[in-house]
Asker: 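Take this structure, written in structure tokens, and hold onto it; I'll ask about it next.
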2 protein chains.
Amino acid sequence: MNFSVSEENYIKCIYHLQQDTGMVNTNALAAEMQTKAASVTDMLKKLSSKKILQYEKYHGFKLTDNGRKVALSVVRKHRLWEYFLVEKLGFEWDKVHDIAEELEHISSNELIERLQQFLGNPSFDPHGDPIPDSNGKIPKLNQVNLATLQLNKTAVVSSVANQSPQMLEMLKHYSIRIGSSIKLLKRFEFDGSLEIKVGKQASCIISEPIAKNLFVHYE
Amino acid sequence: MNFSVSEENYIKCIYHLQQDTGMVNTNALAAEMQTKAASVTDMLKKLSSKKILQYEKYHGFKLTDNGRKVALSVVRKHRLWEYFLVEKLGFEWDKVHDIAEELEHISSNELIERLQQFLGNPSFDPHGDPIPDSNGKIPKLNQVNLATLQLNKTAVVSSVANQSPQMLEMLKHYSIRIGSSIKLLKRFEFDGSLEIKVGKQASCIISEPIAKNLFVHYE
DNA sequence: TTTTATTTTTAGATTTGTCTAAAATTTATT
DNA sequence: AATAAATTTTAGACAAATCTAAAAATAAAA
């Protein structure tokens with residue numbers, strides 16, 4: 001079946017919301033889509049009739065197996081394009097989201113298969129998010145929150161939860177990016193802030209909110 | 001100013017039509033756009049009010065300077081993406097048109113500038129069509145129609161006028177592509193067909209319609 | 001130069017995705 | 001459990017892009 005750009009955006013958005021909450025509700029989706037609840041309801045009816053959603057009036061909704069498949073295909077395209085933009089065209093990783101939002105709706109399957117090959121079958125996008133394969137399988141990484149890392153252990157930054165411009169600005173300041181190695185030197189009881197060593201730089205201190213936003217994995 | 005996908009398609013189509021005829025008329029555009037004359041008229045009014053068209057009711061229309069600029073930007077994007085698809089992703093040159101039709105509407109200017117650089121600033125797309133630069137300047141090539149080539153001269157195929165699947169199938173059969181060198185051995189009076197040598201292959205005979213469809217330039 | 005044929009435009013309807021305002025339903029509070 | 005508050009849905013409207021059918025304008029033919 002074929003979906004409009006608008007339908008694909010709703011499906012993708014529902015997918016991301018239900019990752020957290022299991023079930024999604026109308027207002028949350030409206031907020032995330034920057035639209036009105038009434039518009040959401042209209043779309044829910046349509047997606048429901050296309051068997052993309054399990055939807056009970058007034059009681060929330062979630063994707064069907066088929067809906068999840070469509071969502072994963074859009075997510076896959078988005079992340080492969082982001083990888084292309086950063087690794088091949090030299091964009092900064094915090095500048096690629098909007099462009100990938102457009103590119104993810106290009107329909108050709110052969111295009112995306114060839115793009116994946118051309119990029120060397122990457123498993124994670126420039127933000128550290130996993131790229132689903134053509135069957136919708138998502139690569140897993142044993143990652144832990146930086147705030148819970150053991151003292152004196154070294155690990156590698158694998159993803160960033162909050163990717164707002166504000167957060168990315170901070171990370172740029174600390175020279176922390178996906179792939180940076182981080183050693184935890186000290187944990188301050190007072191406010192939970194951490195003394196860390198990023199790569200070969202002098203040690204520095206990051207606040208607890210920043211730490212909680214970073215996920216790392218052991219080499 | 002910003003244009004919808006539909007507007008961009010109309011603008012591009014008018015650009016191509018007026019290359020031949022100077023002035024464009026409603027029915028011709030409707031045929032090319034695979035739509036109805038009434039729909040075309042609606043769009044003409046809109047584009048006219050946006051100063052994209054010089055349009056006199058019942059008397060045809062053509063692009064303004066500004067309209068031509070928009071058209072060239074879309075053509076530029078289309079041809080750069082075609083180049084990418086063939087040279088980087090390994091598509092056959094006759095399989096890329098539909099995908100480029102979608103990609104040409106991605107809006108980011110920075111994207112297209114970086115793409116151009118990444119591709120090594122190509123001047124011609126895989127069909128031999130010139131790629132306008134970011135100012136709308138179109139590279140020129142001194143090309144002549146193969147049917148008018150001098151006897152025993154060798155030249156290089158630089159573009160193909162009719163790019164229908166039927167024509168491309170024929171060219172594939174003769175192993176003729178952009179960049180192929182062709183030597184004209186004999187011109188048959190009877191029907192204008194030509195005996196030619198393609199690269200290092202044994203000589204073969206092509207019909208006049210095929211010859212007229214091919215443009216070549218001297219090295 | 002009328003008449004006929006073709007082309008183009010208008011008028012009004014349709015589809016998709018959106019909106020506002022009001023009604024219906026569920027959840028929370030007293 | 002009754003009432004208030006919040007959420008969700010319906011009803012009806014609107015803009016963009018398309019369509020059909022009919023009217024208007026132009027071009028061609030008798």
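All chains are named by letter (A, B, ...) in the order of the sequence lines, taking the proteins before the strands, and each is independently numbered beginning at 1.
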Asker: Would you say B:N25 reaches C:dT8's phosphate, i.e. side-chain N/O to OP1/OP2 under 4.0 Å?
Answerer: yes

Asker: Counting distance only, does the side-chain N/O of A:S164 pair as donor-acceptor with the main-chain N or O of A:M167 below 3.5 Å?
Answerer: yes

Asker: How would you label the contact of B:T41 with the nucleic acid (heavy atoms, under 4.0 Å): base, sugar-phosphate, or nothing?
Answerer: base

Asker: Give a yes/no on whether any side-chain N or O of B:T35 is located under 4.0 angstrom from OP1 or OP2 of D:dC19.
Answerer: yes

Asker: In whole angstrom, give the distance that lies between atom CE of A:M23 and atom P of D:dT7.
Answerer: 18 Å

Asker: In whole Å, what is the span from the CD atom of B:E56 to the P atom of C:dT9?
Answerer: 11 Å

Asker: Does C:dT16 have OP1 or OP2 under 4.0 Å away from a side-chain N or O of A:S4?
Answerer: no

Asker: In this structure, how many angstroms lie between the P atom of C:dT8 and the OH atom of B:Y55, rounded?
Answerer: 9 Å

Asker: Reckon A:K57 has a side-chain N or O less than 4.0 Å from the OP1 or OP2 of D:dT10?
Answerer: yes

Asker: CE of B:M43 versus P of C:dT8: gap in Å, rounded?
Answerer: 18 Å

Asker: Here's a test of your reading of the structure: between B:G60 and A:K36, which maps to the more 5' nucleotide of DNA chain C?
Answerer: B:G60

Asker: Under a 3.5 Å cutoff, is there a donor and acceptor pairing between the side chains of A:D125 and A:H78?
Answerer: no

Asker: Can you tell me if the side-chain N/O atoms of A:N27 get under 4.0 Å from OP1 or OP2 in D:dA6?
Answerer: no

Asker: Are any side-chain N or O atoms of B:Y83 and backbone N or O atoms of B:K88, one a donor and one an acceptor, separated by less than 3.5 Å?
Answerer: no

Asker: With a 4.0 Å cutoff (strictly under), does any side-chain N or O of B:Y10 reach OP1 or OP2 of D:dT18?
Answerer: yes

Asker: Rounded to the nearest angstrom, tell me the gap between atom CG in A:L44 and atom P in C:dT18.
Answerer: 12 Å

Asker: Between P on D:dT9 and NZ on A:K45, what's the gap in Å once rounded to a whole number?
Answerer: 9 Å

Asker: Using a heavy-atom cut-off of 4.0 Å across all strands, would you classify A:S39 as base, sugar-phosphate, or nothing?
Answerer: base

Asker: Aromatic rings A:W81 and B:W81: how do their planes relate, parallel, tilted or perpendicular, breaks at 30° and 60°?
Answerer: perpendicular

Asker: OP1 or OP2 of D:dT18 sitting under 4.0 Å from any side-chain N/O of B:S6?
Answerer: yes

Asker: Of A:Y58 and B:V40, whose closest DNA chain C nucleotide lies nearer the 5' terminus?
Answerer: B:V40

Asker: Looking for any heavy atom pair under 4.0 Å, which part of the strands does B:F61 touch: base, sugar-phosphate only, or nothing?
Answerer: nothing

Asker: Please determine whether a side-chain nitrogen of the Lys or Arg among B:R177 and B:E92 lies less than 4.0 Å from a carboxylate oxygen of the Asp or Glu.
Answerer: no

Asker: Within the structure shown, what part of the strands sits under 4.0 Å from A:D42 by heavy-atom distance: base, sugar-phosphate, or nothing?
Answerer: base

